[in-house]
Amino acid sequence: MRVVIAMMKHETNTFSPVPTPLSRFASGQAEPYREGEVVKAFRGTNSALAAFLDLAEEAGAEIVTPIAANARPSGPVEQSAYQAMTDAICEAVAAGCDACLLDLHGAMVTEELEDGEGTLLARLRAINPDLPIACAFDMHTNLYPAIIENCTTLAGFQTYPHIDNYETGLRAGKPLFAMLRGEVRPTVAWGQKPMLPHVMCQGTGRFPNKDLQARTREMEQEPDVLSATLFVGFPHADISQAGLSAVVLTDNNPEKAQRYTDELLEFAWKHRADWVYQIEPLDQSLARAAQVKEGPVVLLDHFDNAASGGTMDTMTVLGGILDAGLEDVAAYAICDPRAVQEMIAAGIGNEVTVSLGGKMSMPSLGLQGQPREVTGRVKLIHNGQYRNQGPAGTGVLFDQGPTVVLDTGKVEIVVTSRQNEPNDQQAFRALGIDPTRKKFLMLKSRVHFRAGFEEMAKEIIECAGTGVCTSDYGQLTFKNVRRPIYPLDDL
Ligand SMILES: [Zn+2]
């Protein structure tokens, strides 16, 4: 048996000005991992791809790994990059194989396509109409019919923060190998609701997603349920099918697949008001922060989340922290490669004044970038690479590019050359900062920070700043999403 295993992941924020060339799909190198590099880079990591490798090895299959490409969320994928990645996968399949297992995101939009994944799957089906295809998806998948029509088995994350990547690979891949052994006949049902759940309300620690995901796991305990998935969708994508959906895979029981799909959808819809987020003004949030006695307190800059396509260089929340005079703060992070180079030139231990952040304009919001002059001492210079040790992406290499810690005396500001979300304490520890000993931690994140920081945080204060991951959907102009849709429209 010959099996093609590949990864092509990107969550596209169509409002983001951050470009997405092929080089963004690599971690620690210029190009995505290719044949010969993939197994070494991902075996043993908390990824669906690692699960696919284990399943294929267990089945005694010959493994072909044409590409593993994973980009941090940003604007639409450059068409040439999409072409290069999908060509690699299609050529490997065209060379002949018995099955294909893909570690995908499910919310990839390119310069020309709303549905990057469905288009790839349709192309694979055209090459080999009978090819068994298993797909693992992120919970933020915006599900399109072409995805369902052109894969054989699938499963999506059941946790947010996403810590079940490997298990999701098993849930997608096991039914495929069982089918190849003639043990099951996968039957799929799916559906969607006209709703855009707010990202700040999507965490699996809170109602209603906590209950929904628990229910999918319960469904999977039944022997004829092969996988059950509730996708919350990714709302910062102005595409027709953005939003919540569900998919259930059974062993030849179409009636149950449909009934369980409907049950998940109805529950999500019934509680749609619980997916709507209330914003607190920034000055109120920072005033509350100033009153807190004991740290660490997370100050969450959720409008500029690097893991949802944020520029990671808006200065509103950090500026508010500096203006409020908060002390003993570590801030992760401002992405500003130019400032990094200036500080590297200044050298460790020296005082610098830099025009920090605000380098990227945000045309979708009608905003120019607004840098802020900051003076401090260059405390540390680092190559920016580290591996996660916490539950999210365990063992995976993260590469924030050349990185500097700028110490103002009150605030230690991490300044990176690439956008990177702090979902693990290593984001600080690799730079010699112990986050547990800080009074305040400013984090540019929305939900994923919880994987690394929720347990240690004495309090979490959500700070409304500026950015293309805005939690105020009223700032976004939706032109392509199907209407009516809740909560943009009264439903
Ligand atoms: Zn996600």
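Remember, it's 1-based here, ligands and their atoms both numbered in the order they're listed. None of these values were measured; they are calculated from a predicted model.
Taking the ring pair (Phe, Tyr, Trp, His ring centres under 6.0 Å) definition, one finds that Y160 meets it with H140, H162, H448, sequence neighbours left out.
Checked against the Zn ion (ligand 1), the N, O or S atom of H140 at the shortest distance is ND1. When distances from the Zn ion (ligand 1) to the N, O or S atoms of D138 are compared, OD1 comes out shortest.
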Donor-acceptor pairs under 3.5 Å, side chain of residues 307-315 to any protein atom, not counting sequence neighbours: which ones?
from	atom 1	to	atom 2	distance (Å)
S308	OG	N305	ND2	2.9
S308	OG	R446	NH2	2.9
T311	OG1	D313	N	3.4
T311	OG1	D313	OD1	2.7
D313	OD2	G358	N	3.4
D313	OD2	K359	N	2.7
D313	OD2	M360	N	3.0
T314	OG1	D304	OD2	3.1
T314	OG1	K444	NZ	3.3
T314	OG1	T466	O	2.8

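Enclosure of atom NZ in K193 by more than 12 non-hydrogen atoms of other residues, nucleotides or ligands within 6.0 angstrom is indicated.
With 2.8 Å as the limit, H448 does not count as an N, O or S neighbour of the Zn ion (ligand 1). Not a single N, O or S atom of H105, from either the backbone or the side chain, sits less than 2.8 Å from the Zn ion (ligand 1).
A donor-acceptor pair shorter than 3.5 Å cannot be found between the side chains of Y144 and Q192.
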